[in-house]
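If you read the sequence from its start, that first residue is 1, and numbering goes on from there.
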Amino acid sequence: QVQLVESGGGLVQAGGSLRLSCAASGRTFNSYIMGWFRQTAGKEREFVARISTGGISTYYADSVKGRFTISRDNAKNSVYLQMNSLKAEDTAVYYCAAAAAPFRGGPDRLATLAAYNYWGQGTQVTVSS
């Protein structure tokens, strides 16, 4: 069982930056692939970024590539999302999620909600234009 708690959301002007954090409970954090997703009202939750268990491999949605950076600190049971050059369209509730490794579904499936076993409650990010 893994519990995830996000923090760091807030209101920021377009062009600004925010850093989201996700703290995980349990002693097996380093056995989970971690991901960030986001959701706006009336839309499906969408993939933002993911990071491998050891933090070596990362993957981003095209919409955030070059602006967002995902990282993790296994000693602190935490994963982060550094968001720079924020745009109004980045406004959403951001969720972190954990997928048990080794993941046998293939890399494309790690961009889907079904791949992840545990979810946080979300943190609101609002970007004013």
Side-chain angles (χ1 to χ4, degrees):
Q1 186 80 7
V2 176
Q3 292 185 326
L4 304 172
V5 179
E6 302 95 334
S7 61
L11 174 64
V12 64
Q13 288 189 332
S17 298
L18 276 176
R19 187 189 193 215
L20 304 183
S21 299
C22 174
S25 65
R27 288 177 280 183
T28 60
F29 177 72
N30 60 3
S31 66
Y32 288 90
I33 298 163
M34 298 301 297
W36 284 97
F37 287 75
R38 66 187 181 186
Q39 187 171 22
T40 55
K43 293 188 177 181
E44 292 186 354
R45 195 170 298 186
E46 65 174 7
F47 169 78
V48 174
R50 62 169 167 85
I51 189 166
S52 59
T53 56
I56 301 300
S57 175
T58 58
Y59 188 80
Y60 299 91
D62 287 343
S63 58
V64 307
K65 201 172 295 183
R67 301 188 297 122
F68 290 11
T69 302
I70 188 171
S71 62
R72 67 189 296 164
D73 185 337
N74 285 344
K76 295 183 178 180
N77 278 15
S78 293
V79 62
Y80 308 99
L81 187 68
Q82 177 67 43
M83 305 186 295
N84 298 329
S85 302
L86 282 161
K87 306 175 182 180
E89 51 264 43
D90 294 318
T91 295
V93 177
Y94 283 72
Y95 299 87
C96 73
F103 184 77
R104 307 188 188 282
D108 288 345
R109 195 155 183 266
L110 281 168
T112 68
L113 278 67
Y116 293 81
N117 308 97
Y118 302 101
W119 292 85
Q121 83 290 348
T123 186
Q124 176 71 48
V125 171
T126 302
V127 183
S128 63
S129 56

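- Distance CG/Asn77 to CD/Gln3: 12.5 Å, rounded to 0.5 Å.
- Contact between Ile51 and Ser71 at its shortest, heavy atoms only, is CD1-CA, 3.6 Å.
- Lys43 is linked by a side chain to side chain donor-acceptor pair (under 3.5 Å) to nothing, counting only residues two or more places apart in sequence or in another chain.
- In terms of heavy-atom proximity, Val79 sits nearest to Cys96 at CG1-CB, 4.5 Å.
- Here Arg67 pairs with Asp90 under the side chain to side chain donor-acceptor pair (under 3.5 Å) rule; sequence neighbours left out.
- By the criterion of side-chain heavy atoms lying less than 4.5 angstrom apart, applied directly or through intervening Ile, Leu, Val, Met, Phe, Trp or Tyr residues, Phe68 is grouped together with Val12 in one hydrophobic cluster.
- With side-chain heavy atoms closer than 4.5 Å counting as contact, directly or through intermediates, Tyr80 stands alone and belongs to no larger hydrophobic cluster.
- With hydrophobic clusters built from ILVMFWY side chains whose heavy atoms lie under 4.5 angstrom apart, Tyr118 does not share a cluster with Phe103.
- Not counting sequence neighbours, the partners of Phe37 by the ring-ring contact (aromatic ring centres under 6.0 Å, His included) test are Phe47, Tyr116, Trp119.
- Cluster annotation: Leu20 and Val2 are assigned to the same hydrophobic cluster (Ile/Leu/Val/Met/Phe/Trp/Tyr, side-chain heavy-atom contacts under 4.5 Å, transitive).
- The minimum heavy-atom distance between Ala88 and Ser129, with the atom names listed, is CB-CB, 4.1 Å.
- When hydrophobic clusters are built by joining Ile, Leu, Val, Met, Phe, Trp and Tyr residues whose side-chain heavy atoms come closer than 4.5 Å, directly or via intermediates, Met83 is not grouped with Tyr95.
- Applying the salt bridge (charged side-chain N to carboxylate O under 4.0 Å, His left out) rule to pairs touching residues 100-125 yields nothing, sequence neighbours excluded.
- A search for side chain to side chain contact (heavy atoms under 4.5 Å, CB included) contacts involving Ala49 returns Tyr60, Ile70, Leu81, not counting sequence neighbours.
- Qualifying side chain to side chain contact (heavy atoms under 4.5 Å, CB included) partners for Ser128, counting only residues two or more places apart in sequence or in other chains: Leu11, Gln13.
- In this structure, Ala115 and Ala99 approach most closely via the heavy-atom pair O-CB, 3.3 Å.
- For Glu89, there are no salt bridge (charged side-chain N to carboxylate O under 4.0 Å, His left out) partners two or more places apart in sequence or in a different chain.
- Atom SG of Cys22 sits about 15.0 Å away from atom OH of Tyr94, to the nearest 0.5 Å.
- Interatomic distance, CG of Leu110 versus CE of Met34, reported as 12.0 Å (0.5 Å rounding).
- Heavy-atom minimum distance, Ala23 versus Ser78: CA-OG, 4.1 Å.
- Evaluation of the salt bridge (charged side-chain N to carboxylate O under 4.0 Å, His left out) test over residues 71-83, restricted to residues two or more places apart or in two chains, returns none.
- Gly54 and Asn74 make their closest contact through CA-ND2, 4.3 Å (heavy atoms, listed as atom of the first residue, atom of the second, distance).
- Residues forming a side chain to side chain contact (heavy atoms under 4.5 Å, CB included) with Gln121 (at least two apart in sequence, or on another chain): Val5, Glu6.
- Atoms CD1 and OG, on Ile33 and Ser57 in that order, are 8.5 Å from each other to the nearest 0.5 Å.
- With sequence neighbours excluded, the residues forming a side chain to side chain contact (heavy atoms under 4.5 Å, CB included) with Ser17 are Gln82, Asn84, listed by chain and number.
- Among residues at least two apart or in separate chains, side-chain hydrogen bond (donor to acceptor under 3.5 Å, both in side chains) pairs with a member in residues 45-55 are Arg38-Glu46, Gln39-Arg45.
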